[in-house]
Amino acid sequence: MGILLFGVVRETVGSSVLEYPAAINDVASLKRWLYEEYPSLKQLSSLLIAVNRTYATDNQAFSNTDEVAIIPPVSGG
Amino acid sequence: MGILLFGVVRETVGSSVLEYPAAINDVASLKRWLYEEYPSLKQLSSLLIAVNRTYATDNQAFSNTDEVAIIPPVSGG
Amino acid sequence: MDVLIAIKDNITVQEALEFIQSPACGGEVIFAGTIRNNTQQRPVTHLFYECYEPMAISEMQKIADQVKEKWAIQKLVMLHAIGDKYPGDVAVVIAVASAHRGIAFDACEYVIDILKETVPIWKKEFFADESAH
Amino acid sequence: MDVLIAIKDNITVQEALEFIQSPACGGEVIFAGTIRNNTQQRPVTHLFYECYEPMAISEMQKIADQVKEKWAIQKLVMLHAIGDKYPGDVAVVIAVASAHRGIAFDACEYVIDILKETVPIWKKEFFADESAH
């Protein structure tokens, strides 16, 4: 299972799913990896990670059996 | 033109118009007169007088050419 | 600010919505007061609303004037029903539209609060045990 | 508390009203967010809404759980539209019914405020000058 992308992150990456990066298994390292690969994401006012459909803290670990999603600033309503 | 009555005041007096009482020409005397004639009105949490469709203060004068109404506690909504 | 004020036998949320809808407004807040089937646990069969109509309209207009002073509201509707009303019937509708939602909530709650304090409308409740209040 | 949560192409205030109407409730507060024809004075042609649906539904359910904890609300509706939306279209509807109006206002405003902060839904604005944001 890849990492799910939405909104401006989907547009930046050019795909709605990102292949699971090797050796990344916690939220903080995923964010660091994203900022390195896609530096323009640093301009967003926030970038949250959801693990199994719940907002995750930086120290949360995950594996490639979890559903991981990148959540740029939401703008519903 | 008589004095207009509504709600519990109309029910107490038994009519929707009250004949203009002689020698009554201000709000305070009208209220005194009403409480004497219909003592049960004293039980109401408030009793306001409107002159020409506007709430009137106790010292406001009126004549029998004005539209006077007795306003028991309102309960719309 | 566009204002619609009416007191009549039957009112609907739909007519209020139709009046306030505008592509210039992003936030619409509607309050509907409906007849409850009980008052403090006592079963209610129906209510009767009466009003001093010309003064009620004038007091509603004063509330609209206050709203216009206080907030940047584009549309305001105030509807009140009169006559016999049964549980589930709509007695009052307040609808507000503005570009931003916070003031629409504030204005809508203000209008219903003040309407209940100042507008000469009276309800009489009829209870299932045949008493009335 | 009865709850209706939905994310779909088209939503109406009417379906929310139908769900919350109950003779046991006296106060109904409805918020409708509609597409505006401008954003900060720039003419908007349309918006596109997308969502991470299972998580959005789960976050909406969490908001409903919080409402249930905080207030004595009988009915709660949360509807959000997705896809292309044009000025005047309804994007979101929150509807609350309770026996008393004060908490219905509080709960309705709370729900839309938190929904805009936490529910993974995104809008993209398309402007008349052909740019998008």
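Sequence lines set the chain letters: A, B, ... in the order given, protein chains first and strands last, and positions in each chain run from 1.
Annotation: side chain of C/R36 is in contact with side chain of D/H100 (closest heavy-atom distance under 4.5 Å). Contact check for C/V29 versus D/I30: no side-chain heavy atoms found under the 4.5 Å cut-off. The shortest distance between side-chain heavy atoms of C/R101 and D/F31 falls below 4.5 Å.
For chain D, no part of C/D89 is nearby; none of its heavy atoms comes within less than 4.5 Å. For chain D, no part of C/Q21 is nearby; none of its heavy atoms comes within less than 4.5 Å. With a 4.5 angstrom heavy-atom cutoff, C/A95 does not touch chain D via any of its atoms. Heavy atoms closer than 4.5 Å to chain C are found nowhere in D/A97, neither backbone nor side chain. In this structure, the portion of C/L17 lying under 4.5 Å from any heavy atom of chain D is its side chain and not its backbone.
In this structure, D/K68 places its NZ atom where only 12 or fewer heavy-atom neighbours from other residues, nucleotides or ligands lie under 6.0 Å away.
Comparing C/A32, C/G88, C/G27, C/P87 by heavy-atom pairs within less than 4.5 Å of chain D, the highest count is held by C/A32. Chain C forms more heavy-atom pairs under 4.5 Å with one residue of D/S22, D/C108, D/A104 than with any other, namely D/C108.
Between D/F105 atom CZ and C/D106 atom CG the span is 10.0 Å, to the nearest 0.5 Å.
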